[in-house]
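Accompanying notes for the structure given below.
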Amino acid sequence: MTMEKTVGKYTALPPSSYRRNVVEVARSLLGAVLAHYSDEGFTAGIIVETEAYRGSDDPACHAARGKTPRNYVMFGPPGRAYVYFIYGNHYCFNVVTGTEGQGEAVLIRALEPLDGLELMRKRRGMGHKIINLTSGPGKLCAAMGISREHNGITVLAPPLFIASGIGVEDARVAVSTRIGIKQGRDIPWRFYLKENAFVSR
DNA sequence: CGGGAGATGGGCT
DNA sequence: GCCCATCTCCCGA
């Protein structure tokens, strides 16, 4: 049996949540909560936008051309964080899914802030509106204090974990192609909450 | 407002 | 040397 870990008001999702097809996991993480305890304080937000990247048959996936020093975490066990640096300025946070060796992960693209709003604003720079704190993959990493040091750690328990949140009915979920890629741009593996103001543009 | 260019640095060929 | 799962600012309307 799996013992789910409760921290404060949040209960971490069990490992079985990630041992499924990456597209299913991407859909199921909508409404879940990403939470982080750091030296600076606690921050958390509801996941409102995700994308699936699937192993060797998906040209947009970092894992498509095999294991490298950057992407090796994707080939490890599910339930770990894959964090990478992009465009010289930003980090992107993913969760590894499926079974070890497949090389698939869900990119978390946007959050609706729940806890630690002041800390988020401090990390992002003063003068930012709430709507601008976590409405994009690079923005949410900055607001949550996620960077390369988190690459490879588990998201099954603190300091960085994903917890169960609100249930989301299919009627509230929109599906589209993925953002910001060229290869594989026709594949509809982006999921987001309809009419949620924190979804990226 | 919406679109576009520039910033910026690591990964990979 | 080119590509990149992004963000911000600045411009024109």
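Protein chains get the first letters and strands the later ones, always in sequence-line order, with residue 1 at the start of each. Being a predicted model, the structure only gives us computed values, none of them experimental. FYI, side chains are in, hydrogens and waters are out, and symmetry mates aren't considered; it's all heavy atoms of this structure.
- No single ILVMFWY cluster, assembled from side-chain heavy atoms under 4.5 Å apart, contains both A/V96 and A/F191.
- Rounded to whole Å, atom C1' of C/dT6 lies 4 Å from atom NE2 of A/H90.
- Under the 30°/60° scheme for interplanar angles, the aromatic rings of A/Y37 and A/F42 are found to be tilted.
- For A/M74, taking side-chain heavy atoms from C-beta onward, the closest of the listed nucleotides B/dC12, C/dC4, C/dA5 is C/dA5.
- Rounded to a whole Å, the OH atom of A/Y91 is 14 Å from the C1' atom of B/dG11.
- Nearest to the side-chain atoms of A/Y87 among the listed nucleotides B/dG10, C/dC4, C/dA5 stands C/dC4.
- Distance CZ (A/R190) to C1' (C/dT6): 14 Å, rounded to an integer number of Å.
- Using a 4.0 Å heavy-atom distance criterion, A/G88 is classed as a base contact.
- With rounding to whole Å, A/E49 atom CD is found 10 Å from C/dT6 atom P.
- Rounded to an integer number of Å, the gap from A/N151 CG to B/dG11 P is 11 Å.
- Nearest-nucleotide mapping onto DNA chain C: of A/G138 and A/Q183, the residue sitting toward the 5' end is A/Q183.
- Between the side chains of A/H150 and A/Y91, no donor N or O sits under 3.5 Å from an acceptor N or O.
- Within the nucleic acid shown, A/R124 comes within 4.0 Å of sugar-phosphate atoms alone, with no base atom in reach, counting heavy atoms only.
- Nucleotide C/dC3 holds its P atom 18 Å from the OH atom of A/Y84, rounded to whole Å.
- Among the candidates A/K194, A/R178, A/R190, the single residue satisfying the salt bridge (charged side-chain N to carboxylate O under 4.0 Å, His left out) test with A/E49 is A/R190.
- Atom CZ in A/R109 sits roughly 12 Å away from atom C1' in C/dC7 (whole-Å rounding).
- Counting any heavy atom pair closer than 4.0 Å across all strands shown, A/R70 reaches sugar-phosphate atoms only and no base atom.
- Two residues, A/N89 and A/R148, neighbour DNA chain B, and the one matched to the more 5' nucleotide by heavy-atom proximity is A/N89.
- A salt bridge links A/R121 to A/E118: at least one charged side-chain nitrogen sits closer than 4.0 Å to a carboxylate oxygen.
- Rounded to whole Å, atom P of C/dA5 lies 13 Å from atom CD1 of A/I187.
- A/L156 and A/F93 fall within the same hydrophobic cluster, defined by Ile, Leu, Val, Met, Phe, Trp and Tyr side-chain heavy atoms under 4.5 Å apart, directly or through other members.
- For A/Y53 and C/dA5, the ring-to-base geometry satisfies the stacking test (centroid distance below 5.5 Å, interplanar angle below 30°).
- Helical stems in DNA chain C, defined as runs of 3 or more consecutive Watson-Crick or G-U wobble pairs with both donor-acceptor distances under 3.5 Å, are listed by first residue as B:1-7 with C:6-12, B:9-12 with C:1-4.
- Among the heavy atoms of the strands lying under 4.0 Å from A/T68 are primed sugar atoms or P, OP1, OP2 only; no base atom is included.
- Pairing each heavy atom of A/A32 with each of A/L13, the nearest pair is CB-CD1, 4.4 Å.
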